[in-house]
Amino acid sequence: MHATPSATATVNGQPCALPATGADGATLLHVLRNDLQLNGPKYGCGLGQCGACTVLVDGVAARACVIPARGAAGRDVTTLEGLPARCGQAAGLHPVQQAFIDEQAAQCGYCLSGMVMMAVALLERNADPDEAAIRRELASNLCRCGTHVEIIRAVLRAAVLMREARA
């Protein structure tokens with residue numbers, strides 16, 4: 001059971017209460033999945049090494065499984081569920097999500113959320129990355145199914161979709 005909430009974070013555009021202390025060991029991933037019912041970030045390794053739990057914290061890709069819940073206080077957290085609003089859409093899919101569908105870049109789903117979130121972080125910093133930049137960005141996210149080629153194509157496609165949306 002969490003301590004009485006005393007701090008808030010903005011999660012997908014909404015203020016959310018956080019545990020008052022980290023004494024119970026609650027991580028940001030735990031709060032997102034268990035308290036807020038946001039199942040986009042996945043529990044993978046629990047060590048911040050696989051990327052399955054990747055979210056955006058103040059626009060930067062971060063591993064939610066190793067961030068204490070109280071560490072998100074006052075921060076802006078975006079999960080997979082919040083991506084459409086991040087690009088000004090009330091509903092539907094973010095261009096990165098659409099590109100992953102278009103390129104059939106998902107198999108088991110283990111890495112999918114983390115790969116999408118890493119791609120969004122990259123494309124918000126670099127609107128026109130080359131394949132080498134994409135490979136560098138995604139290198140720390142593990143994919144069990146070996147869909148790396150499709151994932152890279154999806155990120156390249158997403159860059160085009162995002163540039164077209166801005167035009």
Side-chain angles (χ1 to χ4, degrees), residues 7-19 22 26-33 35-45 47-101 103 105-106 111-143 151-152 154-167:
T8 60
T10 301
V11 179
N12 296 334
Q14 301 296 314
C16 295
L18 297 170
T27 63
L28 177 58
L29 179 63
H30 178 87
V31 170
L32 293 172
R33 289 185 61 84
D35 298 345
L36 301 177
Q37 305 303 307
L38 296 168
N39 293 316
K42 305 291 184 226
Y43 182 87
C45 66
L47 302 170
Q49 296 178 353
C50 71
C53 67
T54 303
V55 297
L56 302 180
V57 178
D58 294 335
V60 177
R63 309 300 171 120
C65 73
V66 294
I67 298 172
R70 70 183 184 280
R75 315 286 294 273
D76 180 35
V77 177
T78 304
T79 67
L80 190 70
E81 295 88 348
L83 286 181
R86 194 168 180 85
C87 65
Q89 295 175 208
L93 298 174
H94 185 281
V96 173
Q97 292 170 305
Q98 186 61 55
F100 270 67
I101 292 168
E103 295 297 330
C111 72
L112 189 61
S113 177
M115 291 285 193
V116 168
M117 299 308 288
M118 290 295 288
V120 169
L122 170 64
L123 295 173
E124 287 183 357
R125 288 190 328 270
N126 178 357
D128 191 18
D130 61 13
E131 186 174 324
I134 295 167
R135 285 181 183 276
R136 279 191 306 276
E137 187 77 10
L138 301 180
S140 63
N141 282 57
L142 302 180
C143 174
I151 289 169
I152 292 167
V155 178
L156 289 167
R157 181 181 185 91
V160 171
L161 293 175
M162 289 176 73
R163 286 192 306 270
E164 288 173 354
R166 290 183 193 123

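Because the structure is predicted, anything quoted here is derived from the model rather than measured.
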_Trace of the side-chain contact (heavy atoms from CB on, under 4.5 Å) decision for Met162 with Val96_ = CA-CA 8 Å; Met162 289 176 73; Val96 173; 4.0 Å; yes

For the residue pair [X] and [Y], what are the closest heavy atoms and their distance?
{"X": "Ala17", "Y": "Thr8", "answer": "CA-CG2, 4.3 Å"}
{"X": "Val116", "Y": "Gln97", "answer": "CG1-CG, 4.1 Å"}
{"X": "Arg166", "Y": "Leu123", "answer": "NH2-O, 4.1 Å"}
{"X": "Asp130", "Y": "Ala133", "answer": "OD1-N, 2.8 Å"}
{"X": "Thr54", "Y": "Ala61", "answer": "CG2-CB, 3.9 Å"}
{"X": "Arg163", "Y": "Ala127", "answer": "NH1-O, 2.8 Å"}

Is any side-chain heavy atom of [X] less than 4.5 Å from a side-chain heavy atom of [Y]?
{"X": "Leu18", "Y": "Arg70", "result": "no"}
{"X": "Glu137", "Y": "Pro129", "result": "no"}
{"X": "Cys45", "Y": "Leu142", "result": "no"}
{"X": "Arg157", "Y": "Val160", "result": "no"}

_Arg135: which residues meet the side chain to side chain donor-acceptor pair (under 3.5 Å) condition with it, sequence neighbours left out?_
Glu131

*asked:* Run the side chain to side chain donor-acceptor pair (under 3.5 Å) test against Gln98 and tell me which residues pass, sequence neighbours left out.
replied: Asp102

*For Cys53, what residues pass the side-chain contact (heavy atoms from CB on, under 4.5 Å) criterion, not counting sequence neighbours?*
Leu29, Arg63, Ala64, Cys65

*Among all residues two or more places apart in sequence or in another chain, which pass the side-chain contact (heavy atoms from CB on, under 4.5 Å) test with Arg86?*
Leu56, Asp76, Thr78, Leu83, Val120, Glu124

*Look up atom CG in Leu93 and atom CD1 in Ile101, then write down how far apart they are to the nearest 0.5 Å.*
5.0 Å

_Gap between atom CD1 of Ile134 and atom CG of Leu122 - 0.5 Å precision_ = 6.5 Å

*How would you list all residue pairs meeting salt bridge (charged side-chain N to carboxylate O under 4.0 Å, His left out) that involve residues 9-18, not counting sequence neighbours?*
none

_side chain to side chain contact (heavy atoms under 4.5 Å, CB included) partner of Val55, the single match among Asn12, Val11, Leu32, Leu80_ = Leu32

*Begin from the C-alpha positions of Asp35 and Cys16 and carry the test side-chain contact (heavy atoms from CB on, under 4.5 Å) through to its verdict.*
CA-CA 10 Å; Asp35 298 345; Cys16 295; over 6 Å; no

Show every donor-acceptor pair shorter than 3.5 Å between a side-chain atom in residues 36-44 and any protein atom, with sequence neighbours excluded, or say none if there are none.
| residue | atom | partner | partner atom | Å |
| --- | --- | --- | --- | --- |
| Gln37 | NE2 | Asn34 | O | 2.7 |
| Lys42 | NZ | Asn39 | O | 2.6 |

